[in-house]
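Heads up: the structure comes next, in C-alpha cells.
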Amino acid sequence: MSNALNIDLWFRRLDAPGAHIVRWQRHLNDAELARMAKFVFERDRARFTICRSRMRRILGQYTGTNPGDIAFATTGRDKPVLAGANPRAIAFNLTHTGGLACLAVTHGEAVGVDLELIRDVREDFIVYALNPPEHAPVLALDPAAREPAFYRYWTAKEAFLKATGTGLWRSLKTFDADVPLKTAPHAFAPCALPRIDDPAERARNWHLYTFTPTPEHVGALACAPPPGTALNIRTRWIATPAAAAPRAQ
C-alpha cells in the first residue's frame, strides 16, 4: 500500500471588522508590527495583520505552540520556514492576492502554493512571461479566455518555484509547465512539467495541480513527495467574522 501525504489548504478572505483586526495584532511580533505600520493604506495594514495572525494561529494548531511564540527563519533564497525545534516537520507556504489568502501546510515535505487574481494581461506580456510551448495555446484562445488560462500557467510555475525554495531568483524560462486551459470550480486538475533544466529537480517526483478557489482567482499547488506517495489535498475555508450588531440605545 502506498504512503499518503496530507496537504491542508487554508483559505480566508482578507476582510474583517476593525475590532477583530486590533485584537489579532497581539499575535504579531515587533518586526511584523513594524512592517504593518509601513503600509500607507488601512486596507493593506488590515490584510497584512489578518494574513500573519491567521498564519500564526493555524501553525500554532499544528505545532502546539502559542501563536505569538512562533518564530520564523528563511532559507538561502528567502523562503519562510519555521525556526527552532520542529519535531513534526511542519512545512508551509503562504500566498495572498486580491483579498484572498491561502496557507498550505503539510508534514515533512516542502510545498509551494500560489494565487493570482484574474485581471487584464497584455499579449506581449504573455509572450514575455511564458515559454513558446506555454504561450502558444494561450494565445490561440479567444481574448476573453486568455486571462484565466495565462494565470493557470503563471501560478503553476510560481508554485513550482516556491516549492523548490528558489522563488523568482530562478528564471521562469528554465522549465515548462503543461496546464489544462479550463478547470472545474474547486477541482484540483493535475499539471505536468515536461521540461526542467535542473537535473536534480527533474529527478524528483513532482506533483503539480491547478485549481480555481473562486470565480475571480486561480491557484496552483506543488509538492515532490517520495515516489509511491499519494497526495490527499484537504481544503479549509475560514469564515470571515461578522461585524457586531449595534447596541440598542
Non-hydrogen atoms of A110 and C223 that approach each other most closely: O-SG, 3.3 Å
Interatomic distance, L115 atom CG to T155 atom OG1 [nearest 0.5 angstrom]: 8.0 Å
Sequence-distant partners of R52, salt bridge (Lys or Arg N to Asp or Glu O under 4.0 Å), two or more places apart: E32
N/O donor-acceptor pair under 3.5 Å between D198 side chain and A200 backbone: yes
Atom of E147, atom of D120 and distance for their closest heavy-atom approach: CG-CA, 3.9 Å
Close side-chain approach of N93 and K79, heavy atoms under 4.5 Å: yes
Side chain to side chain, L103 and R12, heavy atoms closer than 4.5 Å: no
For R13, all residues meeting side chain to side chain contact (heavy atoms under 4.5 Å, CB included), sequence neighbours excluded: D15, L100, T214, E216, H217, T240
Check: Q25 side chain, L33 main-chain N or O, donor-acceptor pair, under 3.5 Å: no
Geometric class of the F11/W237 ring pair [parallel <30°, tilted 30-60°, perpendicular >60°]: parallel
Pairs touching residues 81-123 that satisfy ring-ring contact (aromatic ring centres under 6.0 Å, His included), sequence neighbours left out: F72-F92
I70-I238 co-clustered via ILVMFWY side chain contacts under 4.5 Å: yes
Student check: side-chain heavy atoms of K182 and P148 closer than 4.5 Å: no
Heavy-atom pair with the smallest gap, counting every atom of A222 and A159: CB-O, 3.5 Å
Shortest non-hydrogen contact from D197 toward R202: O-NH1, 3.4 Å
Side chain to side chain contact (heavy atoms under 4.5 Å, CB included) partner of F160, the single match among I196, L221, D114: I196
Pair I126-Y153, side chain to side chain contact (heavy atoms under 4.5 Å, CB included): steps then yes or no: CA-CA 10 Å; I126 294 174; Y153 276 99; over 6 Å; no
Nearest-0.5 Å distance, OG1 of residue T229 to CD of residue E109: 7.0 Å
Min side-chain heavy-atom separation R204-L193 under 4.5 Å: no
N232 CG to N6 CG distance, which is reported to the nearest 0.5 Å: 4.5 Å
Backbone of F175 reached by a side-chain donor or acceptor of N131 within 3.5 Å: yes
V218-V111 co-clustered via ILVMFWY side chain contacts under 4.5 Å: no
Exam field: side chain R45 to backbone F39, donor-acceptor pair closer than 3.5 Å: yes
Sub-4.5 Å side-chain heavy-atom contact between T183 and F211: no
Side chain proximity check, N205 to P226, heavy atoms < 4.5 angstrom: no
Donor-acceptor contact present, side-chain W10 to main-chain V105, <3.5 Å: no
Beyond-backbone contact of T212 with R152, side-chain heavy atoms, under 4.5 angstrom: yes
K162 side chain to L94 backbone, donor-acceptor under 3.5 Å: yes
Straight-line distance of R236 CZ to D8 CG, nearest 0.5 Å: 5.0 Å
Neighbour count above 12 (heavy atom, 6.0 Å) for K173 NZ: yes
Nearest heavy-atom neighbours spanning C191 and P180: SG-CD, 3.9 Å
Expected output: side-chain R88 to main-chain T63 donor-acceptor under 3.5 Å: no
Donor-acceptor under 3.5 Å (R146 side chain, L141 main chain): yes
CD-OG1 distance between E201 and T174, expressed to the nearest 0.5 angstrom: 9.5 Å
same_hphob_cluster(Y151, L161) at 4.5 Å side-chain heavy-atom cutoff: yes
Parallel, tilted or perpendicular: ring planes of F125 versus W154, cut at 30 and 60 degrees: tilted
In one Ile/Leu/Val/Met/Phe/Trp/Tyr side-chain cluster, 4.5 Å: V40, F48: no
Considering all heavy atoms, the nearest E134-V138 contact: O-CG2, 3.4 Å
Separation between CG of N66 and NE2 of H27, rounded to the nearest 0.5 Å: 8.0 Å
Heavy atoms of other groups near D30 CG, more than 12 under 6.0 Å: no
Check: R119 side chain, L117 main-chain N or O, donor-acceptor pair, under 3.5 Å: yes
Audit row: K157, V179, side chain to side chain contact (heavy atoms under 4.5 Å, CB included) steps and yes/no: CA-CA 10 Å; K157 293 172 77 84; V179 177; over 6 Å; no
same_hphob_cluster(L231, L9) at 4.5 Å side-chain heavy-atom cutoff: yes
Flag, side chain of R26 to backbone of R23, donor-acceptor distance under 3.5 Å: yes
